[in-house]
Amino acid sequence: MAIIEEEESLLDHLPKTYTKGGLKTMPFIIVNETLEKVASYGLQPNMVIYLMKVYNLEIVTATSLLSMWSALSHGLALLGAFVSDSFLGRFTVVAIGSISSLFGMTILWLTTMVPQLRPSHCDHFEINECDRPTPAQLLVLLFSFGTIALGAGFVRPCSIAFGADQLDNKENPNNKRIVESYFNWYYATIGMSTLAATTLIVYIQDAFGWRIGFGIPAILMFFSVSAFLLGSSMYIKVSASESLFTGFFQVLVASVRKRNIDLHSVNCEDYYHQSSDSEIQALTSSFRCLNKSCIIEDPERDINPDGFASNPWRLCSVEQVVSLKSLLRVVPMWSSNIMVQLSLNQFSFATLQTKTMDRHIFSDFEIPAGSFSVFMVITLVIWIAFYDCALVPIKTRYTGQPGGLSPVLRMGIGLVLSAAAMVLSAITEGIRRGIAIDQKEPQDGPNINMSAMWFVPQYVLLGLADAFNAIGLVEFLYSELPKSMTSFVVAIFTLGMSVSGFFGSVLVNVVDIVTSYGGGVSWLSSNINNGHLDYYYWLLAFLNVVNFLYFLLIICRYNRHEQEVKEKQCEYSTQRA
């Protein structure tokens with residue numbers, strides 16, 4: 001209500017001709033993003049069961065496929081941001097992405113209704129004798145995954161910025177406050193969407209089957225597209241401009257072209273700044289080869305009369321070089337988050353584990369196996385509220401220093417919690433497997449005599465790991481990158497999630513090949529009671545420990561970099577006679 005009251009009270013500040021944008025567009029944008037999240041997130045938790053039961057895929061194949069799907073969904077966010085900034089604009093990209101998601105979900109829904117689109121039904125205990133999906137059936141399935149991933153990659157990085165465009169009115173004295181309120185409500189709806197997806201949609205799939213369980217996300221996506229397009233005439237549609245990606249490539253190309261220049265013979269006046277009123281930035285000695293891209297070799301040839309570079313692929317500005325260097329400098333710290341994301345993405349195995357256990361919380365109700373990740377989301381939300389409303393004020397009161405824990409410290413705590421979560425996962429799975437073997441229960445047989453609530457602590461640890469590490473990383477990126485790159489932070493973070501997906505797919509396949517070598521039973525057997533998921537979790541715990549040591553090395557290097565002396569303190573102005 002706060003944002004509504006502020007917006008309405010400030011309408012008098014808007015010009016009479018101001019008819020587009022504003023609060024009236026928010027329902028269309030937020031409904032579009034909310035329903036897209038519910039629809040797409042609702043498909044993921046139980047998808048491993050669908051692939052194994054309906055498509056007769058081995059657990060390794062199914063998990064690898066889902067990891068690649070996740071990687072593609074997050075990786076395409078970079079493409080969506082690039083196309084939006086450089087060519088089509090945010091409105092067109094969000095519209096294309098929404099329609100693409102609807103198309104993909106409709107095709108996936110059809111696989112539940114058209115028998116020709118999937119293999120014949122088979123007893124899951126004899127999976128080696130089941131009919132495998134034909135190339136055509138796999139092509140349809142992968143095409144649906146691909147179009148959904150394309151839609152997610154186009155909608156998610158552009159939707160929040162598109163909404164901010166509608167409220168960004170510089171003539172409004174409270175413009176900053178309104179935009180901040182919009183961000184808060186936007187992320188609140190994302191949290192509620194995730195909860196709805198991992199509880200309601202998953203429950204419907206378990207209770208009513210795949211046709212209804214996949215049909216509802218497709219219908220929700222239809223309403224998402226309709227809502228967004230319905231508000232088309234009211235939107236402010238900002239035109240595309242040059243993307244940061246283009247500037248980065250220009251720096252690399254210009255550096256290669258000028259690779260023979262001797263930097264020791266270059267004077268301060270030889271460096272090109274984009275404009276006379278731009279913030280003066282100094283070049284550092286790190287990545288010195290990139291400094292060559294902003295050296296003016298021939299002023300008459302390289303600089304136009306208006307002061308701009310005649311060929312931006314041969315002469316770049318100091319600002320562009322500083323931006324690229326800032327990005328390269330944070331890459332090591334960013335890469336330490338990949339292992340945490342990999343730990344968070346083990347929901348496919350966890351779904352199969354909890355499916356064999358007693359999931360009742362009441363005598364007549366049990367939690368769906370795919371809904372246990374909700375404990376991770378709840379933990380994250382509760383911790384963020386406690387940290388922001390209680391811990392930070394207490395720290396400020398006793399230390400006299402405003403703000404909470406440093407981003408780097410929070411990232412380190414997150415890495416430790418991630419390793420602890422994997423250790424707990426390994427111990428819990430070892431106990432679960434031992435009980436299953438003692439009871440001689442098959443994977444899909446009756447529930448073993450062990451409560452699935454034993455899995456809640458590891459989800460709590462993973463939620464805390466995400467809250468500490470992910471949010472700490474985002475704050476670190478915001479503090480280290482130039483202000484011109486703040487919109488790039490989400491894309492960088494999303495890329496980490498994409499890389500973790502690809503790495504997770506490779507890791508699963510390598511573990512399966514190595515552990516089944518010589519005819520042995522794979523750790524990742526489709527019958528998890530025969531395999532050794534506990535060994536796999538121990539491996540992840542070890543990799544998390546190695547990642548933490550890597551993080552400590554990064555901190556040492558980062559602290560040394562803080563002491564780095566600027567190579568040149570050149571103040572160059574492009575003002576020319």
Side-chain angles (χ1 to χ4, degrees), residues 28-29 31-55 57 62 65-66 68-77 79-80 83 91-121 133-156 158-159 193-194 196-198 200-232 370:
F28 303 101
I29 297 172
V31 165
N32 168 257
E33 175 69 7
T34 300
L35 294 183
E36 189 274 334
K37 281 283 193 300
V38 174
S40 58
Y41 285 2
L43 292 173
Q44 295 174 7
N46 276 338
M47 186 58 69
V48 65
I49 299 176
Y50 182 71
L51 295 179
M52 294 179 67
K53 284 184 171 292
V54 177
Y55 276 82
L57 298 180
L65 183 60
L66 293 178
M68 293 296 288
W69 184 26
S70 174
L72 189 62
S73 298
H74 293 113
L76 287 175
L79 176 64
V83 172
F91 169 78
T92 303
V93 168
V94 173
I96 292 174
S98 300
I99 294 172
S100 178
S101 291
L102 172 61
F103 186 49
M105 290 181 189
T106 302
I107 295 175
L108 186 62
W109 185 20
L110 289 176
T111 64
T112 68
M113 297 185 291
V114 181
Q116 291 78 10
L117 296 180
R118 61 182 187 272
S120 57
H121 180 70
T134 65
Q137 291 169 341
L138 270 181
L139 180 63
V140 172
L141 178 68
L142 295 178
F143 182 73
S144 69
F145 284 174
T147 50
I148 294 173
L150 179 66
F154 272 37
V155 171
R156 294 173 189 173
C158 302
S159 178
S193 301
T194 305
T198 54
L200 182 61
I201 301 298
V202 172
Y203 175 77
I204 291 173
Q205 291 168 358
D206 279 10
F208 301 101
W210 301 115
R211 290 188 180 184
I212 297 178
F214 283 4
I216 289 180
I219 294 172
L220 290 177
M221 199 62 226
F222 172 78
F223 286 118
S224 172
V225 174
S226 301
F228 184 74
L229 296 180
L230 193 61
S232 175

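Since we're looking at a predicted model, the values are computed, not measured.
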Q: Please name the pair of heavy atoms, one in Ser70 and one in His74, separated by the smallest distance, quoted to 0.1 Å.
A: O-ND1, 2.9 Å
Q: Heavy atoms only: give me the nearest Pro119-Gln137 pair and the separation to one decimal.
A: N-OE1, 3.6 Å
Q) If only atom types and distance count, is the side chain of Gln205 paired as donor or acceptor with the main-chain N or O of Gly42 below 3.5 Å? A) yes
Q.
Between Ser224 and Leu220 (side chain of the first, backbone of the second, donor and acceptor by atom type, cut-off under 3.5 Å), is there such a pair?
A. no
Q | Atom pair CG (Leu142) and CG (Leu65), whose distance is rounded to the nearest 0.5 Å | A | 5.5 Å
**Q.** Donor-acceptor contact present, side-chain Ser144 to main-chain Leu141, <3.5 Å
**A.** yes
Q) With a 4.5 Å heavy-atom cut-off, do Phe214 and Leu43 have their side chains touching? A) yes
(Q) Please give me the minimum heavy-atom distance between Ser98 and Asn32, naming the atom from each residue. (A) OG-ND2, 3.1 Å
Q: Would you mind reporting whether Val31 and Phe223 have side-chain heavy atoms less than 4.5 Å apart?
A: no
Q | Closest non-hydrogen atom pair between Ala197 and Lys37, with its separation | A | CB-O, 4.3 Å
**Q.** Candidates Val202, Ile204, Thr198 - the one meeting side-chain contact (heavy atoms from CB on, under 4.5 Å) with Leu200
**A.** Ile204
Q) In Å, rounded to the nearest 0.5 Å, how long is the span from CG of Asn46 to OH of Tyr50? A) 12.0 Å
Q: For residues Ala62 and Val48, report the shortest heavy-atom separation together with the two atoms involved.
A: CB-CG2, 4.2 Å
**Q.** Aromatic ring pairing Phe103/Phe143, orientation class (parallel under 30°, perpendicular over 60°, tilted between)
**A.** perpendicular
Q: For residues Val93 and Val155, determine if any side-chain heavy atom of one lies less than 4.5 Å from a side-chain heavy atom of the other.
A: no
**Q.** Residue pair Pro217 / Met221, side-chain heavy-atom distance below 4.5 Å
**A.** no
Q | Verdict with supporting geometry, Ile201 and Tyr41, side-chain contact (heavy atoms from CB on, under 4.5 Å) | A | CA-CA 9 Å; Ile201 301 298; Tyr41 285 2; over 6 Å; no
Q. Any sub-3.5 Å donor-acceptor pair from Ser232's side-chain atoms to Leu229's backbone N or O?
A. no
**Q.** Heavy-atom check, side chain of Met47 versus side chain of Phe145, under 4.5 Å
**A.** yes
Q) Got a second to check how far Thr106's OG1 is from Ile219's CD1, nearest 0.5 Å? A) 9.5 Å
Q: With side-chain contact (heavy atoms from CB on, under 4.5 Å) as the test, would you mind laying out the steps for Leu66 and Gln44 before giving the verdict?
A: CA-CA 8 Å; Leu66 293 178; Gln44 295 174 7; over 6 Å; no
Q: Could you tell me whether the side chain of Pro133 reaches within less than 4.5 Å of the side chain of Arg118, counting heavy atoms only?
A: no
Q | Leu35 vs Phe222 side-chain heavy atoms within contact, under 4.5 Å | A | no
**Q.** Separation between CG of Leu79 and CG of Leu72, rounded to the nearest 0.5 Å
**A.** 10.0 Å
Q.
Quick one: does any side-chain atom of Trp109 pair with a main-chain N or O of Arg211 as donor and acceptor, under 3.5 Å?
A. yes
Q | CG-OH distance between Leu117 and Tyr55, expressed to the nearest 0.5 angstrom | A | 6.5 Å
Q) Is Ser100 reaching over with its side chain to a backbone N or O of Thr147, donor-acceptor style, under 3.5 angstrom? A) yes
**Q.** Geometric class of the Phe91/Phe228 ring pair [parallel <30°, tilted 30-60°, perpendicular >60°]
**A.** parallel
Q: Decide yes or no for Val140 and Leu110: does some side-chain heavy atom of the first lie under 4.5 Å from some side-chain heavy atom of the second?
A: no
Q.
Quick check: closest heavy atoms across Ala218 and Leu102, and the distance to 0.1 Å?
A. O-CD1, 3.5 Å
